[in-house]
Amino acid sequence: MKSRILLLFAFCTLISCKRETKNSSAKSVSISNLVEYNEQNDILHLKSGNFNYDFKQNQIPFKKIILLNASMTGYISALGAENLVVGVSSPEYIYSEKIQSLLKEGKIQNVGNEQKYDVEKIISLQPDAIFTNHIASFDNTYQLLKNNGIQVIFLDEYMEQKPLEKTAYIKLFGKLFGKEKEAEIQYQEIEKNYNALKQLALESKEKPTVLASEMYGDVWYLPGGKTSVANFISDANANYILKGNTEEKAVTMSFEEVFAKSDAVQYWVNAGNHVSKKKCWS
């Protein structure tokens, strides 16, 4: 009996060691339900939505990149990686002083906008990678860039509705730019501060009602109840007027519908050029 127990123990230990060895060879990082990456056998595998990418050890970190979405510049600036950017689209929507300065100096090129990209300029810049949201109408352009040896990486970070998951994209950029440690430190600091503020908000005795966004024409586009804006409001321990809604996209309402729901509103966020609720209502 004793020998059988010892044999069983040895067998379990051997299996455990084998599992540990197998797991240690692959480091997996989950950003959200949309994005995750792992590294195994000197290959970095990235899954982003419906797209999969494999990068060999000699392909990363990237040294020259192009950004086709202004929203991604925040991650670049947070990592101090503006010097890697050789091209951007729609620079008028970029609020990074460093990137605007590099544009004026000619170190970063304007490569067009979402109506029309300057494909020839993009190819001439020879970037290691282009980061963009996937827009189906540009599939022919993406294919042309790929045919010229340019890696196009689709990251639909705008679809992330949980604040800290949207923030976690900095880890991916850190991995691709050789700034993994800096990215992890930044994320942990943001996560710590965010959760501390969330806890502080929960201690408040007041729970104000909040309205969001504004009208375009005769339609009011409000963030759905499961959007990032709604989650920010909820984490601030406030009541969003559409908190019971389950949409992860904008909800359209008439002025009259919004007015009827806004009698108790104390705060209005993303109010555009309106300086008060009274001026909008009048």
Side-chain angles (χ1 to χ4, degrees), residues 31-32 34-35 46 48-53 55 59-161 166-179 183 213 216 221 227-229 249-250 270 272:
I31 301 298
S32 69
L34 292 176
V35 176
L46 166 64
S48 177
N50 295 322
F51 301 94
N52 291 278
Y53 308 90
F55 303 109
Q59 291 179 289
I60 54 175
F62 296 136
K63 298 294 191 297
K64 295 168 63 179
I65 65 167
I66 288 178
L67 303 173
L68 298 185
N69 295 89
S71 60
M72 296 185 191
T73 58
Y75 302 105
I76 308 304
S77 296
L79 291 171
E82 294 94 341
N83 62 305
L84 301 180
V85 182
V86 295
V88 296
S89 70
S90 303
E92 64 272 20
Y93 296 117
I94 295 175
Y95 299 99
S96 163
E97 290 184 7
K98 181 69 178 291
I99 287 180
Q100 289 295 342
S101 176
L102 291 171
L103 276 160
K104 290 178 181 178
E105 294 173 15
K107 295 179 180 178
I108 294 179
Q109 299 295 311
N110 180 353
V111 297
N113 54 52
E114 290 188 358
Q115 278 69 52
K116 184 175 177 59
Y117 296 124
D118 189 334
V119 176
E120 289 185 3
K121 183 179 284 188
I122 291 174
I123 294 172
S124 70
L125 290 170
Q126 297 184 316
D128 296 324
I130 292 175
F131 292 92
T132 183
N133 301 148
H134 179 255
I135 302 174
S137 59
F138 278 106
D139 278 341
N140 288 338
T141 300
Y142 301 144
Q143 190 58 53
L144 178 59
L145 293 171
K146 292 175 185 177
N147 291 344
N148 280 273
I150 298 174
Q151 177 71 67
V152 181
I153 301 174
F154 300 114
L155 295 176
D156 293 331
E157 91 293 341
Y158 71 95
M159 295 178 66
E160 302 291 356
Q161 306 303 343
K166 188 184 288 283
T167 302
Y169 275 67
I170 195 173
K171 296 182 183 181
L172 173 59
F173 282 103
K175 183 66 179 177
L176 296 175
F177 298 161
K179 292 177 175 286
S213 297
Y216 292 91
Y221 294 86
T227 60
S228 57
V229 172
K249 58 184 179 182
N270 293 349

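Just so we're clear, the structure is a prediction, and the values are computed from it rather than from any experiment. Below, all heavy atoms of this structure are taken into account, side chains as well, without hydrogens, waters or symmetry copies. Heads up: numbering here begins at 1 and tracks the sequence.
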Check your understanding: More than 12 non-hydrogen atoms from neighbouring residues, nucleotides or ligands closer than 6.0 Å to NZ on K249, yes or no?
Key -> no

Practice item. State whether the number of non-hydrogen atoms from other residues, nucleotides or ligands found under 6.0 Å of Y93 atom OH is greater than 12. Key: no

- prompt: Taking the inter-plane angle between the rings of F138 and Y117 on a 0 to 90° scale, is it parallel (under 30°), tilted (30 to 60°) or perpendicular (over 60°)?
  reply: tilted

Rounded to the nearest 0.5 angstrom, the OG1-OH distance for T132 and Y142 is 4.0 Å

Minimal heavy-atom distance between V111 and I66, with the atoms involved, is CG2-CG2, 4.2 Å

The reported gap from NZ in K146 to CD1 in I150 (rounded to nearest 0.5 angstrom) is 12.0 Å

Distance col, row M72:CE vs L67:CG, nearest 0.5 angstrom, shows 7.5 Å

Tightest non-hydrogen contact, residues A129 and I153, listed as CB-CD1, 4.0 Å

Would V88 and N110 satisfy side chain to side chain contact (heavy atoms under 4.5 Å, CB included), going step by step from the backbone distance to the final call?
-> CA-CA 5 Å; V88 296; N110 180 353; 5.6 Å; no

N50 and H134: side-chain donor and acceptor closer than 3.5 Å? no

Heavy atoms of L103 and Q109 approach each other most closely as CD2-C, 4.2 Å

In terms of heavy-atom contacts, Q100 and P91 come closest through NE2-O, 2.8 Å

Going by atom types only, do S89 and N113 share a side-chain donor-acceptor pair under 3.5 Å? no

Distance col, row F173:CZ vs L84:CG, nearest 0.5 angstrom, shows 11.5 Å

Between S228 and E160 the two heavy atoms that sit nearest each other are CB-O, 4.1 Å

- Task: Show your reasoning for whether side chain to side chain contact (heavy atoms under 4.5 Å, CB included) applies to V86 and I65.
- Result: CA-CA 6 Å; V86 295; I65 65 167; over 6 Å; no

Determine whether more than 12 heavy atoms belonging to other residues, nucleotides or ligands lie under 6.0 Å from atom NZ of K121. yes

Taken to the nearest 0.5 Å, the spacing of E97 CD from E82 CD works out to 10.5 Å

Taken in chain and number order and not counting sequence neighbours, the residues that satisfy side-chain contact (heavy atoms from CB on, under 4.5 Å) with T227 are Q161, P223, V229, A230

The reported gap from CG in L125 to CD in E120 (rounded to nearest 0.5 angstrom) is 12.0 Å

Given the options I108, T73, L102, I94, V85 meets side-chain contact (heavy atoms from CB on, under 4.5 Å) only with I108

(request) Output, in order, the C-alpha distance, side-chain angles, deciding distance and verdict of side chain to side chain contact (heavy atoms under 4.5 Å, CB included) for Y75 and F131. (result) CA-CA 12 Å; Y75 302 105; F131 292 92; over 6 Å; no

So the side-chain hydrogen bond (donor to acceptor under 3.5 Å, both in side chains) pairs with at least one residue in residues 147-157 (sequence neighbours excluded) are S71-E157, N133-E157, Q143-N147

field: Check against side chain to side chain contact (heavy atoms under 4.5 Å, CB included), F55 and F62
entry: CA-CA 10 Å; F55 303 109; F62 296 136; 3.9 Å; yes

What one should report as the nearest heavy-atom pair of L155 and S48 is CD2-OG, 3.6 Å

Backbone N or O of L34 within a donor-acceptor pair of the S32 side chain at under 3.5 Å? yes

